[in-house]
Chemist: 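Here it is, the structure in full.
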Amino acid sequence: MPIIAGVDIGNSTTEICLARIEAGQVKEYLASSIIKTTGIKGTTANVPGILIALEEAVKKSGLSMSQLTEIRLNEATPVIGDLAMETITETIITESTMIGHNPSTPGGIGLGVGMTVAFAELGVQAAGEKVICVIPKGIDFEDAARTINQAMDRGVDVQAAIARQDDAVLIVNRLRRRIPIVDEVTLIEKVPLHMLASVEVAEAGQTIKTLSNPYGIATVFNLSPEETKMVVPIARALIGNRSAVVVRTPQGDVKARAIPAGFITLSGQKGKTDIDVEAGAAKIMEAVERVQPIFDVQGEAGTNVNGMLERVRQVMSELTAQPLADMKIQDILAVDTFVPQKVQGGLAGEFALENAVALAAMVKTSRLPMQQIADQLTERLKVNVVIAGVEANMAIRGALTTPGTDKPLAILDMGGGSTDAAIIARDERVFSIHLAGAGDMVTMLINSELGLNDFDLAEDIKKYPLAKVESLYHVRLEDGTVQFYDEHLPPQVFSRVVILKDTGMIPIPADHPLDKIRHVRREAKKRVFVTNALRSLARVAPTGNIRHIEFVVLVGGSAMDFEVADMVTDALAEYGIVCGRGNIRGTEGPRNAVATGLVLSYLGKEV
Amino acid sequence: MQISKTSTKPSIMIGLAVYPENEQKLREVQAGIEEEGIPYTLLQSDEADAVKLAYQGAAQSQLGVGIGIGLSAVCVHYVKLPADRPLFISDETGSRSEWRRCGYNAARLVKGIPFKTPQSELPEADLPEAESSKQEPDPELYQFIRELVIKVVHEHAQAMGR
């Protein structure tokens with residue numbers, strides 16, 4: 001009665017399936033285990049992880065290591081991926097023409113137009129002069145209010161004010177005449193003085209109407225039609241704000257500039273083509289489809305994309321001890337995205353949404369040094385170790401243990417670095433393919449689109465549902481249901497959008513509403529996983545037509561995600577495909593497909 | 001404790017220990033609440049403990065939010081919290097920006113928007129009040145070091161003289 005252990009070393013997890021074989025059949029599945037992969041997949045650094053996972057499984061089944069008959073390792077697919085982001089536009093404010101940071105509590109209501117003057121100069125302004133007072137840091141709100149009141153008493157027409165500290169409401173409340181004040185302008189010393197300017201503050205809950213309208217700005221500053229054309233970007237940048245400042249300077253402008261990001265060269269079976277990265281994701285993917293299957297991708301020297309592509313090659317070449325020149329990039333996935341970036345020349349830390357292209361690349365080589373792992377394992381455990389065949393074949397065998405499946409069957413393995421698809425025909429022939437872009441790319445998109453600058457946080461947003469903390473005792477979940485707590489919640493989560501992890505709540509520091517974060521998360525998943533599901537199934541489909549696939553089983557780490565499987569199922573339903581999360585051996589869910597397949601492959605060998 | 005006539009309208013209750021040096025704290029707390037646009041009512045009290053003052057205030061406030069300005073600390077409390085576990089409490093040696101933040105955050109609790117944290121004001125760390133609070137201990141420190149140096153020099157001189 002042989003006891004067989006199937007060991008699947010994946011990019012992120014190592015999985016074990018332990019089974020007793022009798023008379024050419026699996027008599028009993030003894031145990032499964034799963035732990036984090038130690039080291040990069042396919043290197044001897046994996047051995048400690050394999051040992052821990054094996055011990056765990058052996059212990060669960062009440063056996064000892066010496067009772068193992070054979071350990072079967074998968075021929076891990078030598079695929080790795082990497083990511084890059086290219087920002088292709090940037091916004092620049094020249095000559096500090098506008099302030100549009102939207103502070104939470106501006107003061108007063110209305111529109112003020114006048115010359116900008118320093119706070120210290122207010123005493124020497126002549127009566128009747130229309131001015132906008134610029135209050136630097138260090139001025140107390142009572143002093144500021146008193147000085148402005150005195151100037152008003154002398155007949156100076158103080159139209160508005162711009163302040164450094166969060167004092168706008170306090171100052172306005174102490175003035176004899178209410179004027180609009182924009183506060184929290186961090187770089188107040190850079191506000192151009194003795195220039196005609198305009199300050200607008202809308203009522204609470206409303207947005208500005210004059211400075212967000214090109215004709216409004218033209219009216220305020222008496223602009224010619226030519227000049228009015230020039231202020232369109234300024235007006236556009238201010239749409240949706242409750243407060244704003246526009247300064248009329250000789251050369252002042254807000255420019256949206258395209259950043260040249262270089263081109264990539266795709267060489268494939270159907271030819272060779274160059275494509276500009278700034279053309280956008282749609283054009284790049286069109287080019288990929290035109291020449292696919294791809295043999296290699298080169299980036300223009302000196303660009304970020306090239307750096308990324310070289311990095312992938314480098315890592316893979318070190319991993320496999322094969323020359324760098326042999327490392328070919330076999331697929332790229334481009335996704336259009338946007339990145340909130342600090343506006344250059346902004347006075348108050350304004351952000352603008354810039355267009356960007358996210359790229360994932362994938363390298364596949366001939367073979368990983370699996371034999372070394374096998375040798376080390378044999379030495380440590382004195383057990384026969386076999387390298388048992390291609391990962392995709394094993395995964396299919398495992399997936400077929402899902403109740404309700406039948407050949408021909410396709411699997412979609414959505415992992416962290418790549419999306420893999422394989423199909424088995426009625427005559428047992430297996431065809432598989434690997435595409436760039438999976439879970440890690442989703443994390444990158446979430447990270448950049450929300451401007452988090454925190455990969456771990458983005459990873460958590462990807463994996464867990466959101467909630468909004470509505471009081472110190474209750475939260476509202478994504479679907480609108482309310483959850484109460486006995487203990488009061490910590491103040492740092494109050495009124496914030498939080499991630500509900502099993503270990504507790506993590507507040508998201510950015511000011512995005514829940515709906516926005518949810519939208520970004522779901523869109524990122526759709527743009528990567530749904531796109532890749534369709535792309536990969538079309539490639540493995542026997543006729544090239546995705547409709548000719550009947551059954552699709554989703555396996556791998558990202559199939560565990562709480563919404564990805566549903567999204568893919570939904571998208572594939574349009575093509576009349578039965579698609580769902582795998583349930584390996586009827587018990588394991590989408591996990592353990594390869595490990596189970598490895599055990600099953602032992603039977604085929606014996607019979 | 002005297003309760004003013006206006007205490008029935010919704011407002012944040014500020015419980016103030018009558019103590020001359022509390023003027024500064026009160027001013028900053030009031031400024032913080034005013035900037036956020038929430039009404040407040042002032043109650044003077046013989047109580048000196050900031051947490052108790054704040055909880056009493058919260059219990060009387062129609063908004064359920066109270067601020068206690070005690071002999072040393074400033075405290076923000078919410079009526080639905082346990083009496084001994086206030087929402088925020090300032091250090092003994094609180095700074096003006098910290099007291100102002102107590103005002104902001106009491107108002108923000110009412111408005112239901114995220115609290116201001118010291119980090120969220122980091123770019124403003126160079127605020128004048130922070131500077132002035134930094135400069136305040138300086139004369140004392142200077143005096144202390146001066147005395148220390150004189151003492152050491154004296155001892156040294158005596159030792160040499162002997």
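Reminder, nothing fancy here: chain letters follow the sequence lines and each chain counts from 1.
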Chemist: Using a 4.5 angstrom heavy-atom cutoff, name the option from A:D140, A:V469, A:D183 with the most pairs to chain B.
Modeler: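 Ranked by contacts with chain B, first place is A:D140.
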Chemist: Counting only heavy atoms not in A:K516, do more than 12 fall under 6.0 Å of its NZ?
Modeler: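 Result for NZ/A:K516: enclosed.
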Chemist: Using heavy-atom distances under 4.5 Å, tell me whether A:S471 contacts chain B through its side chain, its backbone, both, or neither.
Modeler: neither
Chemist: Do any pairs count as a ring-ring contact (aromatic ring centres under 6.0 Å, His included) and have a residue in residues 14-55 of chain B, sequence neighbours left out, and if so which ones?
Modeler: B:Y55-B:H77
Chemist: Which heavy atom of B:I113 sits nearest a heavy atom of A:S495, and at what distance?
Modeler: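 Scanning both residues, the minimum pair turns out to be CA-OG, 3.2 Å.
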Chemist: Hey, are the side chains of B:E35 and A:Q165 touching, using non-hydrogen atoms and a 4.5 Å cut-off?
Modeler: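 Side chain of B:E35 against side chain of A:Q165, heavy atoms only: no contact under 4.5 Å found.
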Chemist: Are B:R101 and A:D166 ion-paired here, with the side-chain N under 4.0 Å from a carboxylate O?
Modeler: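 Answer for the salt bridge query: no.
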Chemist: Can you establish whether the number of heavy atoms outside A:D511 located under 6.0 Å from its atom CG is more than 12?
Modeler: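 Not buried by this count: 12 neighbours or fewer within 6.0 Å.
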Chemist: For residues 485-492 of chain A, give me every residue with a non-hydrogen atom less than 4.5 Å from any non-hydrogen atom of chain B.
Modeler: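 Expected list: A:E487, A:H488, A:P491.
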Chemist: For the pair A:Y473 and B:L81, evaluate side chain to side chain contact (heavy atoms under 4.5 Å, CB included) and give the outcome as yes or no after the intermediate values.
Modeler: CA-CA 9 Å; A:Y473 284 98; B:L81 294 179; 3.8 Å; yes
Chemist: Does atom NZ of A:K209 have more than 12 heavy-atom neighbours, drawn from other residues, nucleotides or ligands, at distances under 6.0 Å?
Modeler: yes
Chemist: Quick one: does B:Y78's side chain have a donor or acceptor within less than 3.5 Å of a partner on A:L472's backbone?
Modeler: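 Side chain of B:Y78 to backbone of A:L472: no pair is present.
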Chemist: Above 12 or not: heavy atoms from other molecules or residues under 6.0 Å from CD of B:E23?
Modeler: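 Not buried by this count: 12 neighbours or fewer within 6.0 Å.
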Chemist: Under 6.0 Å from the CD atom of A:Q206, do we count more than 12 heavy atoms belonging to anything else shown?
Modeler: yes
Chemist: Taking the six-membered ring of A:F141 as reference, does the NZ or CZ atom of B:R100 fall below 6.0 Å from its centre and within a 45° cone about the axis?
Modeler: no
Chemist: So with a 6.0 Å cut-off around NE2 of A:H474, is the heavy-atom count from everything else above 12?
Modeler: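 Counting other residues, nucleotides and ligands, NE2 of A:H474 exceeds 12 neighbours.
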Chemist: Is it the side chain or the backbone of B:K111 that comes within 4.5 Å of chain A heavy atoms, both, or neither?
Modeler: side chain
Chemist: Would you check if the side chain of A:T105 reaches a backbone N or O of B:E36 as a donor-acceptor pair within less than 3.5 Å?
Modeler: no
